[in-house]
> 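Handing you a structure now.
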Amino acid sequence: MSADMSAGPSSLPTTGVWAELRGQEQVVEQLRRAAQSGAPTHAWLFTGPPGSGRSNAARAFAAALLCERETLTERGCGACKACRTVLAGTHADLTNVTTEKVTISIDEARELVRKAQDKPSTGRWRIIIVEDADRMQERSTNVLLKAIEEPPPRTIWLLCAPSPGDVLITIRSRCRSVGLRLPPVQDVADLLVTRDGIDPVTAEAAARAAQSHIGVAKRLATDEGARERRNQIVRLPLTLRSVAGAMRAAADLVKLAEAEAQSSFEQRDAEERAALLATLGAPETGTMPPSMRAQIRRLEEDQTRRAKRSKNDYFDRALTDLISFYRDVLMLQADADQPLVNEPLRPELEEFAQRESAEDTLLRLEAINEVRTRLVSTNVSPLLAIEAMTVSLLSRKDLDR
Amino acid sequence: MAPRSPAGRTSGQGPAPASWRDIQPAPVVLLSGPEDYLASRAAESIRSQVRIAQPGAELVRFDAGSYEAGTLTMQASPSLFGDWKVIEVAGLAQMNDAFLVDALAYLADPAPDVVLVMRHAGGNRGKKLLDAVRAAGATIVDCQPLKKDGEKAEFVTTEFRLARRRIDPEAVRALVAAVGSQLPELAAACQQLMADTAGDVSVETVEKYYGGRVEATGFKVADAALAGRTAQALSMLRHALATGADPVPIVAALAMKVRAVAKVHGVRGSSVQLAKDLGMAPWQVDQARREAQRFSSDALARCIRALAEADAQVKGESRDPVYAVERAVTVIALGDG
């Protein structure tokens with residue numbers, strides 16, 4: 001999907017449900033045609049790099065399908081009640097599946113299969129959006145196979161995943177594929193300016209630093225703390241001098257991740273627990289009956305999984321930022337004359353690029369990527385994995401001392 | 001003909017638990033408690049006592065979990081030839097309802113010439129039957145595991161005394177330290193020492209048979225590795241793994257020690273100040289500093305990477321986790337070498 005294949009930005013409607021899909025003109029065209037045909041395919045797979053707006057595209061498509069306008073060409077108006085409720089995620093015929101845990105469980109998948117058999121209540125279609133199709137384990141996905149292959153006539157599945165390789169081949173072959181591209185930096189900046197009212201200079205810096213990840217760009221543009229944290233992580237290679245320092249940096253990073261997971265969930269965990277106790281009518285004093293204890297334990301397990309996912313996501317973001325530093329170094333070492341992600345750091349980056357060879361930089365990138373994979377795929381100790389990474393980032397000169 | 005009543009019938013006795021060592025055959029015996037080894041010794045003792053009194057006695061065994069109704073009554077009914085019978089029922093902790101019904105009926109009217117030995121490993125299953133056994137005044141043996149070293153030492157001493165052998169108190173301690181974690185193993189070790197040696201058993205004898213066997217832990221492995229004692233570290237790692245230690249906590253212990261060393265490596269300043277900064281005790285800082293002298297930055301980085309590799313492998317990245325741990329231990333123990 002190259003840029004010149006897509007129609008110019010002028011073809012993107014300025015109003016309606018498609019307005020916010022910046023940089024995805026070709027996809028918008030495909031989806032709009034499908035929605036306006038009145039008889040869309042029953043299963044779609046939205047793929048694209050993180051931050052490209054997969055779930056937003058799926059939701060816009062759902063809105064266009066459920067739009068109340070009678071004329072096919074006007075579907076996706078963005079103004080009728082159906083469009084607004086779908087975009088807000090509250091439409092009765094729309095089921096949005098997402099998870100805050102590491103995976104979508106098999107029970108949740110079974111529930112979806114049951115739900116897919118329901119007739120739409122108010123709209124034309126029953127639409128099920130699975131935002132994290134890549135977070136389904138193989139056995140959970142297998143439960144969905146039959147339901148996705150031959151859904152009832154009025155049910156439409158919209159699955160989202162980073163790449164087609166993230167879902168089972170048997171699912172892939174049952175879906176029509178929609179590939180989103182990473183939007184150009186300028187498009188992301190424009191979106192931040194028009195949608196969120198951010199000043200153009202900040203918007204462009206944020207979009208560049210976020211490497212076109214729309215969600216991250218918005219957070220960087222609006223949250224001073226996030227900007228500061230990113231800055232710290234990106235500067236990490238400049239501050240590493242000794243093994244002891246690398247260990248300290250690793251410990252700090254893990255502590256930050258834990259603090260973030262705790263601060264965002266501590267209050268919510270307590271509230272959920274209180275709500276559950278109230279629902280169960282638990283006694284305020286004395287021992288809890290065994291049946292209630294089991295339910296509370298289940299809630300606590302879910303909360304632990306959520307915290308683990310949050311920590312993993314934090315590490316993933318931090319490591320992506322770190323990769324951007326070495327990516328810039330590599331660009332400078334290769335004289336590639338490409339725009340830098342971390343433009344404000346250019347002098348330091350140039351000096352750093354002189355110190356080491358491109359081969360070293362590639363080794364560092366490999367070390368970071370290995371930790372990323374390990375943190376996600378295996379239950380390794382995050383502290384040890386990150387320590388191994390930070391000591392791998394030390395230059396040969398530092399190690400010889 | 002031998003008297004129709006077995007030696008030492010205890011039906012009139014109260015429900016006070018008997019000791020497994022001096023148990024005597026009774027119409028109904030209950031062996032309750034989790035320690036299987038003691039129960040099997042008690043059952044064996046009953047069997048042999050009955051056989052001495054009645055060489056023709058028949059032994060019947062079945063399991064209470066897969067019991068079929070009527071079996072107990074059938075086995076316990078008097079035979080034409082008037083032989084004695086020992087009925088051993090295992091698995092009362094998983095008994096089925098048929099057994100409960102039959103056993104309750106049997107308790108009300110125990111058959112003559114029958115020794116019924118029941119084994120209950122613990123739990124609440126069949127509480128009604130256990131209560132009935134207690135009320136009927138049957139012999140109950142409490143088979144609790146020996147937890148304290150003192151209890152184990154007493155076990156060893158008694159074993160030797162009963163065999164009319166002598167063992168030094170020091171030797172008892174050494175034996176308990178070497179093989180004390182499992183009671184059957186400890187008993188087997190006693191038997192072996194008695195069979196293989198003559199005269200008093202001394203510490204030297206125990207050392208000869210069980211010396212070098214240590215209950216190694218991850219921390220002992222880590223200490224040896226960081227001190228650079230490669231051979232000892234590897235043999236202790238093998239001991240730990242062979243005696244059932246999980247590789248995961250071993251890697252964690254290694255990582256903890258190496259982390260402490262890496263934190264103080266090349267950092268100047270007083271131990272007290274450093275201890276405050278790093279949240280360690282001053283003696284830990286001193287120890288880590290001593291251990292850090294063996295390592296260059298490069299070697300330390302290599303150790304940490306090897307540990308991270310091992311951590312990933314023991315958690316499912318590899319099919320041979322032991323190799324990864326062994327490699328990490330070697331890298332650490334060799335240091336700059």
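Every chain is numbered from 1 and lettered A, B, ... according to where its sequence line falls, protein lines coming before strand lines.
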> What's the shortest heavy-atom distance between A:A385 and B:A308, and which atoms?
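That would be CA-CB, 4.4 Å.
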> Under the side-chain hydrogen bond (donor to acceptor under 3.5 Å, both in side chains) rule, collect the residues that match up with A:E348, sequence neighbours excluded.
A:R235
> Please identify, among A:L383, A:L394, A:V371, the residue contributing the most non-hydrogen atom pairs under 4.5 Å to chain B.
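Most pairs with chain B among the choices: A:L383.
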> Among B:A306, B:A262, B:A299, B:G266, single out the residue with the greatest number of heavy-atom pairs under 4.5 Å to chain A.
B:A262
> With side chains defined as the heavy atoms from C-beta onward, is the minimum distance between A:S242 and B:H265 less than 4.5 Å?
no
> If a pair satisfies salt bridge (charged side-chain N to carboxylate O under 4.0 Å, His left out) and one of its residues is in residues 318-327 of chain B, list it, with sequence neighbours excluded.
B:R238-B:E326
> Say you draw a straight line from OG1 of A:T373 to CD of B:E317; how long is it, rounded to the nearest 0.5 Å?
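Spacing of OG1 (A:T373) from CD (B:E317) equals 8.5 Å.
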> With a 4.5 Å cut-off on side-chain heavy atoms, are B:K263 and A:R248 touching?
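No, too far: nothing below the 4.5 Å cut-off.
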> Between B:L307 and chain A, with a heavy-atom cut-off of 4.5 Å, which part of the residue counts as in contact: side chain, backbone, both or neither?
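Backbone plus side chain of B:L307, per the 4.5 Å heavy-atom cut-off to chain A.
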> Test your reading of the model: is there a side-chain donor-acceptor pair from B:D311 to the backbone of A:S381, 3.5 Å cut-off?
yes
> Which heavy-atom pair separates B:A312 from A:T378 by the least distance, and what is that distance?
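So the minimum-distance heavy-atom pair works out to O-CG2, 3.9 Å.
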> Using 0.5 Å steps for rounding, measure from the CD1 atom of B:I304 to the CD1 atom of A:I386.
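CD1 of A:I386 is found 13.5 Å from CD1 of B:I304.
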> Look at B:E309 together with A:R374 and state whether they make a salt bridge at an N to O cut-off of under 4.0 Å.
yes
> Counting C-beta onward and ignoring hydrogens, is there a side-chain heavy-atom pair between A:V391 and B:R302 closer than 4.5 Å?
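No. Closest side-chain heavy atoms not under 4.5 Å.
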> For the CD atom on A:E366, are there more than 12 heavy atoms of other groups (residues, nucleotides or ligands in this structure) within a distance under 6.0 Å?
no
> Return the CG to OG distance between A:D398 and B:S297, rounded to the nearest 0.5 Å.
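Going from CG on A:D398 over to OG on B:S297, the span is 8.0 Å.
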